[in-house]
K.L.:
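Okay, handing you the structure first.
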Amino acid sequence: MRDGWQVTVCRQGNEAEPVVVIDNFAPLPQRFIDDASFLKLEPMGEHYPGLRAAVPPSLLLPLLADLAPLIEDVFGLAQCRIADALYSLVTTTPDDLKPIQRLPHFDGVEPERLALLHYLSRDARGGTAFYRHRSTGFETVTAARLGDYRRALDADLQREGVPPPGYIGSDTAIYTQVARHAGHFNRAILYRGNTLHCADLPADLPLTADPATGRFTVNTFLTG
């Protein structure tokens with residue numbers, strides 16, 4: 001484990017899924033901000049509410065090498081590799097969110113797929129929250145659960161309607177918040193990508209297109 005890391009392993013919700021919280025994650029966090037400032041960040045896909053660009057693997061590999069024993073101990077995964085790594089800058093205002101962006105999501109159904117989220121905003125009010133789907137009780141979505149989850153969610157939306165514009169930030173008629181982690185500068189959280197989660201952003205959080213001042217993260221997806 002890297003010197004200077006402050007590590008907490010949280011077991012959250014009814015399913016006791018682990019979330020690893022690491023403070024003081026990168027020795028030189030400003031390097032990521034400086035690198036992104038020279039890149040053209042642009043929309044990428046229909047789900048992320050903002051701008052993205054690829055992260056050079058050379059900036060991540062030393063950190064991932066130090067993470068390897070922790071990943072094996074907590075998640076039981078060895079020899080993880082980077083599936084994707086993206087600079088991510090939230091720029092979509094709450095009023096402009098698409099319906100799919102107003103709901104918790106999951107990154108994939110594979111339990112061996114991990115998400116590493118590195119917060120690089122000086123404003124710590126924006127974090128990440130995790131949820132339980134009320135009608136199924138699911139906090140994770142596996143391949144076996146996917147059909148049941150989709151059918152139940154469709155029924156929920158028919159009954160309750162599409163959520164109003166805004167980032168989900170608490171309990172709703174469809175979801176219960178089971179945990180929240182604040183986005184402190186140079187904190188990273190590591191979790192299974194099949195957990196139901198969403199950015200938790202206050203309505204007055206500045207959503208600028210500048211990595212130095214906006215809600216900026218490095219989102220790395222790992223497979224073991």
Side-chain angles (χ1 to χ4, degrees), residues 19 21-64 67 80-108 113-130 165-169 180-191 193 195-223:
V19 173
V21 181
I22 308 170
D23 288 305
N24 304 319
F25 180 61
L28 297 170
Q30 188 65 36
R31 289 182 64 191
F32 294 99
I33 298 170
D34 292 344
D35 184 61
S37 298
F38 285 101
L39 300 177
K40 181 181 180 182
L41 278 69
E42 54 192 359
M44 193 178 295
E46 62 177 339
H47 297 296
Y48 187 76
L51 309 175
R52 289 184 139 170
V55 181
S58 60
L59 293 181
L60 296 170
L61 291 176
L63 294 166
L64 296 181
L67 268 180
C80 279
R81 63 176 180 83
I82 298 174
D84 213 355
L86 299 166
Y87 291 124
S88 301
L89 185 62
V90 176
T91 55
T92 305
T93 63
D95 289 342
D96 291 331
L97 290 174
K98 300 173 184 176
I100 191 67
Q101 295 170 331
R102 306 171 198 170
L103 299 169
H105 64 278
F106 54 97
D107 303 321
R113 180 181 173 91
L114 304 181
L116 176 67
L117 180 59
H118 183 196
Y119 300 104
L120 290 164
S121 170
R122 298 287 180 178
D123 191 332
R125 292 179 297 156
T128 302
F130 293 80
Y167 290 95
I168 182 172
R180 182 188 185 278
H181 301 278
H184 295 297
F185 181 76
N186 204 24
R187 165 178 284 180
I189 63 172
L190 180 67
Y191 53 93
T195 56
L196 290 166
H197 61 279
C198 196
D200 186 355
L201 308 179
D204 62 343
L205 189 74
L207 299 178
T208 72
D210 182 353
T213 58
R215 201 272 184 175
F216 181 55
T217 58
V218 173
N219 297 34
T220 305
F221 301 99
L222 307 171
T223 56

K.L.:
Can a donor-acceptor pair be found, under 3.5 Å and without considering hydrogens, that links the side chain of Ser121 to the backbone of Asp123?
P.N.:
yes

K.L.:
Any carboxylate oxygen within less than 4.0 angstrom of a Lys/Arg side-chain nitrogen, looking at Arg125 and Asp204?
P.N.:
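Asp204 and Arg125: salt-bridged.
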
K.L.:
Take Arg52 and Leu41, measure what side-chain contact (heavy atoms from CB on, under 4.5 Å) needs, and give me the verdict at the end.
P.N.:
CA-CA 5 Å; Arg52 289 184 139 170; Leu41 278 69; 6.0 Å; no

K.L.:
Does the side chain of Val218 come within less than 4.5 Å of Ser88's, by heavy atoms?
P.N.:
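SC-SC contact between Ser88 and Val218 ruled out.
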
K.L.:
What I'd like to find out is whether the side chain of Val21 reaches to under 4.5 Å of the side chain of Arg187, using heavy atoms alone.
P.N.:
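Answer yes - side chains close enough.
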
K.L.:
In sequence, state the C-alpha distance, the side-chain angles, and the governing distance for Val55 and Leu60, and then conclude on side-chain contact (heavy atoms from CB on, under 4.5 Å).
P.N.:
CA-CA 8 Å; Val55 181; Leu60 296 170; 3.9 Å; yes

K.L.:
At what distance, to the nearest 0.5 angstrom, does CG of Leu190 lie from CD1 of Ile22?
P.N.:
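It is 6.5 Å, given to the nearest 0.5 Å.
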
K.L.:
To the nearest 0.5 angstrom, please state how far the CG atom of Leu86 sits from the CZ atom of Phe221.
P.N.:
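So the CG of Leu86 and the CZ of Phe221 are separated by 6.5 Å.
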
K.L.:
Would you indicate whether the side-chain heavy atoms of Tyr191 and Leu114 approach each other to under 4.5 Å?
P.N.:
no

K.L.:
Check whether any side-chain heavy atom of Leu117 lies under 4.5 Å from a side-chain heavy atom of Tyr119, and answer yes or no.
P.N.:
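Answer yes - side chains close enough.
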
K.L.:
Can you find a pair of side-chain heavy atoms, one from Pro49 and one from Tyr167, that are under 4.5 Å apart?
P.N.:
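Sidechains of Tyr167 and Pro49: in contact.
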
K.L.:
Would you check if there is a donor-acceptor pair between the side chains of Asn219 and His118 at a distance under 3.5 Å?
P.N.:
no

K.L.:
Please check this pair: side chain of His105 against backbone of Leu196, looking for a donor-acceptor N/O pair closer than 3.5 Å.
P.N.:
no

K.L.:
Determine whether the side chains of Asp35 and Tyr87 contain a donor N or O and an acceptor N or O closer than 3.5 Å.
P.N.:
yes

K.L.:
Going from CZ on Phe216 to OG1 on Thr91, what distance comes out if it is rounded to the nearest 0.5 angstrom?
P.N.:
12.5 Å

K.L.:
Would you indicate whether the side-chain heavy atoms of Leu64 and Leu116 approach each other to under 4.5 Å?
P.N.:
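A side-chain contact under 4.5 Å exists here.
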
K.L.:
Determine whether a donor-acceptor pair (N or O, by modelled atom type, separation under 3.5 Å) exists between the side chain of Arg102 and the backbone of Leu97.
P.N.:
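It does hold such a pair.
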
K.L.:
Out of curiosity, Arg113 CZ to Thr223 OG1, how far, rounded to the nearest 0.5 Å?
P.N.:
8.0 Å

K.L.:
Say you draw a straight line from CZ of Arg215 to CG of Leu120; how long is it, rounded to the nearest 0.5 Å?
P.N.:
10.5 Å

K.L.:
Which heavy atom in Asp200 sits nearest to a heavy atom in Gly169, and how many Å separate them?
P.N.:
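Minimum heavy-atom contact is OD1-CA, 3.5 Å.
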
K.L.:
Verify the distance criterion only: is there a donor paired with an acceptor across the side chains of Asp34 and Ser37 at less than 3.5 Å?
P.N.:
no

K.L.:
So, for Cys80 and Leu222, which heavy atoms are closest and what is the spacing to 0.1 Å?
P.N.:
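Cys80 and Leu222 have their closest heavy atoms at CB-CB, 4.4 Å.
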
K.L.:
Would you please test Thr217 and Phe32 for side-chain contact (heavy atoms from CB on, under 4.5 Å) and show each step?
P.N.:
CA-CA 9 Å; Thr217 58; Phe32 294 99; over 6 Å; no

K.L.:
For a quick test of reading the model, state the closest non-hydrogen atom pair linking Ala54 to Leu39 and the distance between them.
P.N.:
O-CD1, 3.8 Å

K.L.:
Is there side-chain contact between Phe106 and Thr195, with heavy atoms separated by less than 4.5 Å?
P.N.:
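No, their side chains stay 4.5 Å or more apart.
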
K.L.:
What is the distance from atom OG1 of Thr213 to atom CG of Leu89, rounded to the nearest 0.5 Å?
P.N.:
8.0 Å

K.L.:
Could you walk me through whether Lys98 and Glu46 satisfy the side-chain contact (heavy atoms from CB on, under 4.5 Å) test, starting with their C-alpha distance in whole Å, then the side-chain angles of each, then the deciding distance to 0.1 Å, before giving a yes or no?
P.N.:
CA-CA 9 Å; Lys98 300 173 184 176; Glu46 62 177 339; 3.9 Å; yes

K.L.:
If you take all heavy atoms of Pro94 and Pro165, which pair is closest and at what distance?
P.N.:
O-CB, 3.5 Å

K.L.:
Looking only at heavy atoms, which two atoms of Ala209 and Leu51 are closest? And how far apart?
P.N.:
CB-CD1, 4.3 Å

K.L.:
Could you tell me whether the side chain of Gln101 and the main chain of His47 form a donor-acceptor pair under 3.5 Å?
P.N.:
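Pair found, side chain donor or acceptor close to backbone of His47.
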
K.L.:
For Ala212 versus Ile33, what's the shortest heavy-atom pair and its separation?
P.N.:
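Closest approach of Ala212 to Ile33, heavy atoms only: CA-CG2, 3.9 Å.
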
K.L.:
Taking C-beta and beyond as the side chain, do Ile82 and Thr220 meet within less than 4.5 Å on heavy atoms?
P.N.:
yes

